[in-house]
Amino acid sequence: MDDFSAQIYTQVHQIPHGKVTTYGDIAKFAGFPGYARQVGRLMATLPEGSTLPWHRVVNAKGEISLTGHDLQRQRRKLIDEGVEVSEAGRLKLKQYRWDGL
DNA sequence: TAATTGACGGGAC
DNA sequence: GGTCCCGCCAATT
């Protein structure tokens, strides 16, 4: 576990229930501005039974970056938290965005 | 070693 | 709102 991963995990863990944030913001708040892609790569290689709310992280356009069944999986989790997400995986970022602490 | 790839972002138009 | 394009960084090819 390198420092980068630890910081990112910690930051994602801070996202409140029913709220979302972006890859870029996670990286920035964690102290690694410009590392949005690495955040995504980290989420893609998460341990199976992780308790991390990874589903609360979307891209800057306010849409889920996954495809097919994986997209539906993340969408379902968000909807269960009260977040409105279109079938294509798009949500109103202005409304659900979390602006840090 | 070089080119490509990806759960990305922002600016220009 | 949309599209195009370029910058970004590590892992993979």
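All chains are named by letter (A, B, ...) in the order of the sequence lines, taking the proteins before the strands, and each is independently numbered beginning at 1.
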Practice problem: Check the distance between C:dC9's C1' and A:F32's CZ and give it to me in whole angstrom. | Solution: 13 Å

Practice problem: Could you check whether A:T22 gets within reach of a base, just the sugar-phosphate, or nothing at all, counting any heavy atom under 4.0 Å? | Solution: sugar-phosphate

Exercise. Just compare B:dA7, B:dG6, B:dG9 and give me whichever is closest to any side-chain atom of A:A60.
Key: B:dG9

Self-check item: Among A:T22, A:L42, A:I15, A:L52, side-chain contact (heavy atoms from CB on, under 4.5 Å) partner for A:V57
Solution: A:I15

Quiz item: Just checking A:Y23: base, sugar-phosphate only, or nothing, at a heavy-atom cut-off of under 4.0 Å?
Solution: base

Quiz prompt | Residue A:R90, side-chain heavy atoms: nucleotide from B:dG6, C:dG2, C:dA10 that is nearest | solution = C:dG2

Quiz prompt | A:M43 reachable from A:F29 in the ILVMFWY side-chain graph, under 4.5 Å edges | solution = no

Practice problem: Give me the one residue out of A:H17, A:Q14, A:E81 that meets side chain to side chain donor-acceptor pair (under 3.5 Å) with A:R56. | Solution: A:E81

Quiz item: Closest to the A:R41 side chain: B:dG9, B:dA7, C:dA10?
Solution: C:dA10

Quiz prompt | Atom pair distance, as rounded to whole Å: NE2 in A:H69 and P in B:dA7 | solution = 18 Å

Exercise. Using the P atoms only, state how far B:dA7 lies from C:dC6, rounded to an integer number of Å.
Key: 22 Å

Quiz item: Rounded to the nearest Å, what distance is computed from the CD atom of residue A:Q38 to the P atom of nucleotide B:dT5?
Solution: 17 Å

Practice problem: Return the nearest nucleotide to the side chain of A:S65; candidates are B:dA7, B:dG9, C:dC9. | Solution: B:dA7

Self-check item: Residue-phosphate contact under 4.0 Å: A:Y35 side-chain N/O, C:dA10 OP1/OP2
Solution: yes

Self-check item: For atom CE of A:M43 and atom C1' of B:dG6, their distance in whole Å
Solution: 14 Å

